[in-house]
Amino acid sequence: MKVTVLAPATVANMVCGFDVLGFAVEEPCDTIIVTRLNERKVIMEPDPIFDLPTDPEKNVSGAPLLAMLEAIDDNIGFSVKLNKRIKPGSGIGSSAASAAGVVVAANAMLNNRFSNDELIQFAMHGEKVASGVKHADNIAPCILGGITLIRAIHPLDIVALPAPDLFVSIVHPQIEVKTADARSVLKTRVELKDAIKQWGNIAGLVAGILQNNHGLIGRSLQDHIIEPVRSILIPGFDLLKEKCLDAGAIGGGISGSGPSVFMLSATRAIAENVGLAMQQSFDALAIQNHVYVTRIAPQGVRVIQTEP
Ligand code: HSE
């Protein structure tokens with residue numbers, strides 16, 4: 001049996017919600033094919049473009065499937081072929097798409113015996129491989145679609161929020177920022193005055209999403225803790241943000257751990273203009289870049305083909 005899925009890119013953090021908020025986008029998506037084996041093992045087909053590890057324990061798709069196999073007695077295994085369009089290290093949930101996509105495909109072979117929460121737990125093993133930490137703010141929206149709030153990880157408590165009809169501009173500058181490095185530069189202590197601003201913004205953002213209140217969403221897309229540290233890794237970040245807001249964006253910031261930057265806009269026309277401003281900003285710095293203009297995706301990983 002063979003199952004093919006489309007796994008979407010995701011934007012983690014949503015600026016103020018470090019490790020607790022994230023959303024899925026319609027584009028780009030990875031295509032992932034999982035084939036059932038009659039042996040308890042996981043095989044990663046080599047990736048000619050990105051040279052990803054083929055040892056399943058060291059692979060972001062392999063580790064979640066090994067965790068899934070541990071939870072079942074069946075004499076089955078999986079062979080995985082990734083067709084990656086979400087570039088590893090781009091900051092738009094490449095590892096999450098690889099991890100979430102395979103567990104949804106494998107679950108389809110198992111007559112959907114695992115719940116979404118269980119799939120999220122398996123897929124988080126992939127994030128551990130990628131960055132050393134089991135965060136769910138890419139995995140959960142990748143599986144569930146829309147915007148998700150990770151209220152807690154132990155035990156897992158995920159709240160699916162309604163996806164507002166917003167457009168998303170994302171720029172991926174061709175510079176490398178590893179999630180593990182972008183986490184290691186963060187301070188481990190937070191000033192109370194910054195924490196107060198931050199939780200005001202997280203609450204404001206969630207309220208704005210529930211009320212579909214673009215003004216409140218925009219005012220809340222501010223980060224007093226993470227962005228001031230991480231933005232140093234993205235050349236021209238402050239000016240880029242200013243230009244995007246001038247072009248009409250509601251707000252935005254670093255996507256996940258970067259280097260990609262995202263902005264939300266009310267219409268596709270504005271989002272296209274914002275995308276242009278993004279491109280021009282990195283062109284002016286002679287940094288190659290790729291821009292996506294897309295939408296918040298109401299749906300997460302999708303099974304597109306099942307072959308007996
Ligand atoms: N919340 C994670 C981080 C997302 O910012 O490190 C990584 O994509």
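Order of listing sets the numbers, starting from 1, for every ligand and every atom in it.
By the 4.5 Å heavy-atom criterion applied to side chains, Pro259 and Glu176 are not counted as neighbours. Inter-residue side-chain proximity for Gln280 and Met278 is flagged as unmet; no heavy-atom pair is nearer than 4.5 Å.
A donor and an acceptor atom, one from each side chain of Asn289 and Asp283, are located under 3.5 Å apart.
Taking the six-membered ring where the residue is Trp, the centroids of Phe262 and Tyr292 are separated by 6.0 Å or more.
Each of the following atoms of ligand 1 lies closer than 4.0 Å to a heavy atom of Asn13: 1 (N), 2 (C), 3 (C), 5 (O). Listed by number with element, the atoms of ligand 1 under 4.0 angstrom from any heavy atom of Asp19 are 1 (N), 2 (C), 3 (C). Atoms of ligand 1 found under 4.0 Å from any heavy atom of Ala12 (numbered from 1 in listed order, with element): 4 (C). For ligand 1, the atoms lying closer than 4.0 Å to a non-hydrogen atom of Phe18 are 3 (C), 5 (O), 6 (O). The distance from ligand 1 to the heavy atoms of Asn138 drops below 4.0 Å at these ligand atoms: 4 (C), 7 (C), 8 (O).
In this structure, Phe167 CZ and Ile296 CD1 are separated by 10.0 Å, a value rounded to the nearest 0.5 Å.
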Worked check of salt bridge (charged side-chain N to carboxylate O under 4.0 Å, His left out) between Arg113 and Asp74: CA-CA 12 Å; Arg113 89 170 63 156; Asp74 314 37; 2.8 Å; yes
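The shortest N/O to N/O separation between Thr179 and ligand 1 does not fall below 3.5 Å.
Here the shortest heavy-atom distance to atom 5 (O) of ligand 1, taken over Glu127, Arg230, Arg183, belongs to Arg230.
Protein heavy atom nearest atom 7 (C) of ligand 1, with residue, atom name and distance: His135 CE1, 3.6 Å.
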